[in-house]
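Working notes, structure below.
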Amino acid sequence: MAKLSSGPTFPISISRHTYHHRVTACHVATPTTTTTIPFADLHPSLEVIGGARNRFLPALHSTLRHPYDPSPFIAWNPHVETIFASFFRSIPDVRLRRECLRTQDGGTVALDWVAGDQYQLPPDSPILILMPGLTGGSENSYPRHMLTKARSKGWRVVVFNSRGCGNSPVTTPQFYSASFVGDMREVVEHVSGLYPEANLYAAAWSLGANILVRYLGDESHACPLSGAVSLCNPFNLVYAFEEFTKGFNRVYDKALARSIRNIFKRHILLFEDIGGEYNIPLALNARQVRDFDEGLTRVSFGFKSLDEYYYKASCFHSIKHVQVPLLCFQAANDPISPVRAIPREEIEANRNCLLIVTPKGGHLGWVAGAEAPLGGPWTDPVVMDFLEHLERGTHKTVESSTCPLTVTSKNLHHAEV
C-alpha cells in the first residue's frame, strides 16, 4: 500500500564485453542441504511452510525460534498498525542519486541509488533492487528502512520507482499495471549491465511483490536474479479487490484512488486524444481503484474486462514456475492482502519457496521487534539474513564450480552448462 494517500541445464547471464565475471543466474547458488532444524523449534506464533524449508530455515533459525512480539499499543488492531506504519514510522534520511531509464516503448522509470555508492562500493558488491507498492516510491518509509539495513551490510541498493511513482516522469500514455513485467525485465537487465560482476537480488511489497513474482515465473530458469523476497503480496487480485469493498478497507481504497488520480492529473495531456475504449473521465474522477483500472489500466494492457485483468494479472499462477530462491512474508491479519489468497499448496510444492506468516502485522506494518514502534519493520533483519545466506552460498558455489563453459561470439548473452 502507498502511504495513505535427463540432467538440467542452467542458464548463465554473460556480459557482452566481459564473459569471465561471476555467474549470476546459475541457480545451483544455494545447494540443497541435508542440514535441518527441528520444526518444533519454530515458534508456534509463526506459520512457516514451503518446499524450501530445509534449505533456508537454518539461516533464519535465530529469529524464527522466538515469538513474534508485536507492539501492544499499536498492533492490537490491523488498521491501527497499518495507518501507524504509514504515517508515523520514521523515515531514514538518505541522500539518493536519481537515474531515469528510458524503456523500449518510450516510457520512463526512475532508479534511485544511494548517492556516493558508485565510488565507495566494490563493483562486485551484491545489489538489491527494491520495488514499492501501488503509488509507492523511494520517499516512503518501508523501502527507506530496507535500504538502510542492506546498505549497512555493504550492499548496493536501488529503488525502482514505477512510471509516475516517486515523482518519476510519465513520457507515454501508459502507466504500469499488476500484469506488466516489461519494466522489471528492463531494469534488471540495465542494472546487471552496469555491474556485471555483482549478484542481483530483489525485494518488493504489495502490488510490487505481485509484479516481482510474475517476473520470476515468466523468466523461470532464465531469471538473472540470485534470489527474491515478496512482502504483503496480494497473490490473488480478485480476492484483494473483494476485500477493498468491505468495511474500513474502503478508506484505503479511496486513499489509493486519490493518489492514482493525482499522478494521472499531472500527465493528463498525454491522454487527451487517446480514443478507443478508454474512459478518461472515469479514470480522472476515480473514487475507487477499480474505477481507474476500468477506465484506463485494463484497456491499456489489452484485457476485455476488469475481472479478466484481476484474475490473469494475479501472481499465484506464477509460483509453480519460480526457479530462484523466494522468501514470502505475509501477515495473517493483513486487511489489504488477505490471508485466504496465499497459494499455500503451490508454495509447499516448490522447492525454491519459503513462506512465513506472522499472526499480526497489518499491511506494510510489522510494528514489532527491537526497533518498534518507530524503527524498521520486524521483517527487515530476517530479509537480510535470508539474502546474505544466499550471497554466501553463491560465492561458495561459484568459486568451487568446475562447470565447463563454452563461449562464442554468438552466445555471449546466454550460455548453458
Side-chain angles (χ1 to χ4, degrees), residues 1-2 103-109 131-136 161-165 168 170-186 204-215 217-218 233-246 249-250 252-318 336-338 341 343:
M1 189 190 78
T103 60
Q104 292 181 1
D105 68 348
T108 304
V109 298
M131 190 175 186
L134 179 62
T135 76
N161 299 278
S162 295
R163 304 184 189 204
C165 298
S168 63
V170 175
T171 52
T172 63
Q174 180 171 287
F175 289 110
Y176 67 103
S177 77
S179 65
F180 183 59
V181 300
D183 287 350
M184 183 74 193
R185 186 175 290 114
E186 292 195 48
W205 295 263
S206 198
L207 192 72
N210 186 86
I211 296 171
L212 173 60
V213 173
R214 279 184 55 89
Y215 166 79
D218 283 4
N233 194 329
F235 285 114
N236 188 321
L237 295 172
V238 176
Y239 291 165
F241 278 93
E242 284 177 358
E243 295 299 315
F244 256 19
T245 65
K246 299 177 182 178
N249 282 4
R250 296 188 185 97
Y252 307 133
D253 194 7
K254 291 179 180 179
L256 287 169
R258 182 171 59 250
S259 296
I260 298 172
R261 288 199 315 268
N262 290 338
I263 295 173
F264 187 45
K265 287 176 181 178
R266 291 198 295 269
H267 306 284
I268 190 61
L269 292 179
L270 289 170
F271 298 84
E272 275 192 327
D273 302 316
I274 198 168
E277 294 183 47
Y278 291 93
N279 188 334
I280 300 304
L282 178 63
L284 195 60
N285 298 286
R287 293 289 179 261
Q288 298 175 295
V289 175
R290 291 180 63 93
D291 296 337
F292 188 86
D293 287 342
E294 173 60 36
L296 194 75
T297 308
R298 68 100 183 159
V299 183
S300 292
F301 293 93
F303 294 98
K304 297 177 181 179
S305 69
L306 208 53
D307 289 340
E308 181 190 41
Y309 165 52
Y310 288 150
Y311 179 75
K312 290 186 175 180
S314 299
C315 74
F316 74 88
H317 305 289
S318 303
I336 293 175
S337 298

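Quantities reported herein were computed from a predicted structural model and do not represent experimental measurements.
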Does any part of the side chain of M131, heavy atoms only, come nearer than 4.5 Å to the side chain of S162, both counted from C-beta?
yes

Give me the atom names and distance for the closest heavy-atom approach of G133 to S206.
CA-CB, 4.1 Å

Within the distance-only criterion (no hydrogens, no angle test), does the side chain of Q174 pair as donor or acceptor with the backbone N or O of G107 below 3.5 angstrom?
no

Ion pair E277/R298, N-O distance below 4.0 Å
yes

Inspect the surroundings of NZ in K312 and state if more than 12 heavy atoms from other residues, nucleotides or ligands are less than 6.0 Å away.
no

Would a 4.5 Å heavy-atom cut-off, applied to side chains only, mark F241 and Q288 as touching?
no

Compare all side-chain heavy atoms of Y215 with those of C315 and state whether any distance is below 4.5 angstrom.
no

Heavy atoms of other groups near Y239 OH, more than 12 under 6.0 Å
no

Could you check L212 against N233 for side chain to side chain contact (heavy atoms under 4.5 Å, CB included), going step by step and ending with a plain yes or no?
CA-CA 10 Å; L212 173 60; N233 194 329; over 6 Å; no

Nearest 0.5 Å, please: how far is NE2 in H267 from OG1 in T171?
9.5 Å

Measure up the F264 and F292 rings against each other and bin them: parallel (under 30°), tilted (30 to 60°), perpendicular (over 60°).
perpendicular

Side-chain donor-acceptor pairs of residues 175-183 under 3.5 Å, sequence neighbours excluded:
unit_1: Y176; atom_1: OH; unit_2: T135; atom_2: N; d: 3.1
unit_1: S177; atom_1: OG; unit_2: S179; atom_2: N; d: 3.1
unit_1: S177; atom_1: OG; unit_2: S179; atom_2: OG; d: 2.8
unit_1: S177; atom_1: OG; unit_2: F180; atom_2: N; d: 3.3
unit_1: D183; atom_1: OD1; unit_2: R163; atom_2: NH2; d: 2.9
unit_1: D183; atom_1: OD2; unit_2: R163; atom_2: NE; d: 2.8

Answer yes or no: is there a side-chain heavy-atom contact under 4.5 Å between E294 and N279?
no

Does a side-chain heavy-atom distance below 4.5 Å link D218 with R185?
yes

State, with a plain yes or no, whether a side-chain heavy atom of Y310 is found less than 4.5 Å away from one of D293.
yes

Over 12 non-hydrogen atoms of neighbours within 6.0 angstrom of NZ in K304
no

For the pair D105 and T103, evaluate side-chain hydrogen bond (donor to acceptor under 3.5 Å, both in side chains) and give the outcome as yes or no after the intermediate values.
CA-CA 6 Å; D105 68 348; T103 60; 2.6 Å; yes

Kindly compute the distance separating CG (N249) from NZ (K254), expressed to the nearest 0.5 Å.
12.5 Å

Within-4.5 Å side-chain heavy-atom neighbours: L270 and T172:
no

To the nearest 0.5 angstrom, please state how far the CG atom of N210 sits from the OG atom of S337.
9.0 Å

State, to 0.1 Å, how close K265 and L284 come at their nearest heavy-atom pair, and which atoms those are.
CG-CD1, 3.5 Å

With a 6.0 Å cut-off (strictly less than), is the heavy-atom count around CZ of F301, excluding the residue itself, greater than 12?
yes

Can you name the closest pair of heavy atoms from H317 and S314 and give their distance?
CD2-O, 3.0 Å

With rounding to the nearest 0.5 Å, note down the distance linking CG in L306 to OH in Y309.
8.5 Å

Passing candidate, side chain to side chain contact (heavy atoms under 4.5 Å, CB included) with V289, options T297, L207, I260
I260

Please report the closest heavy-atom contact between I336 and A240, naming both atoms and the distance.
O-CB, 3.7 Å

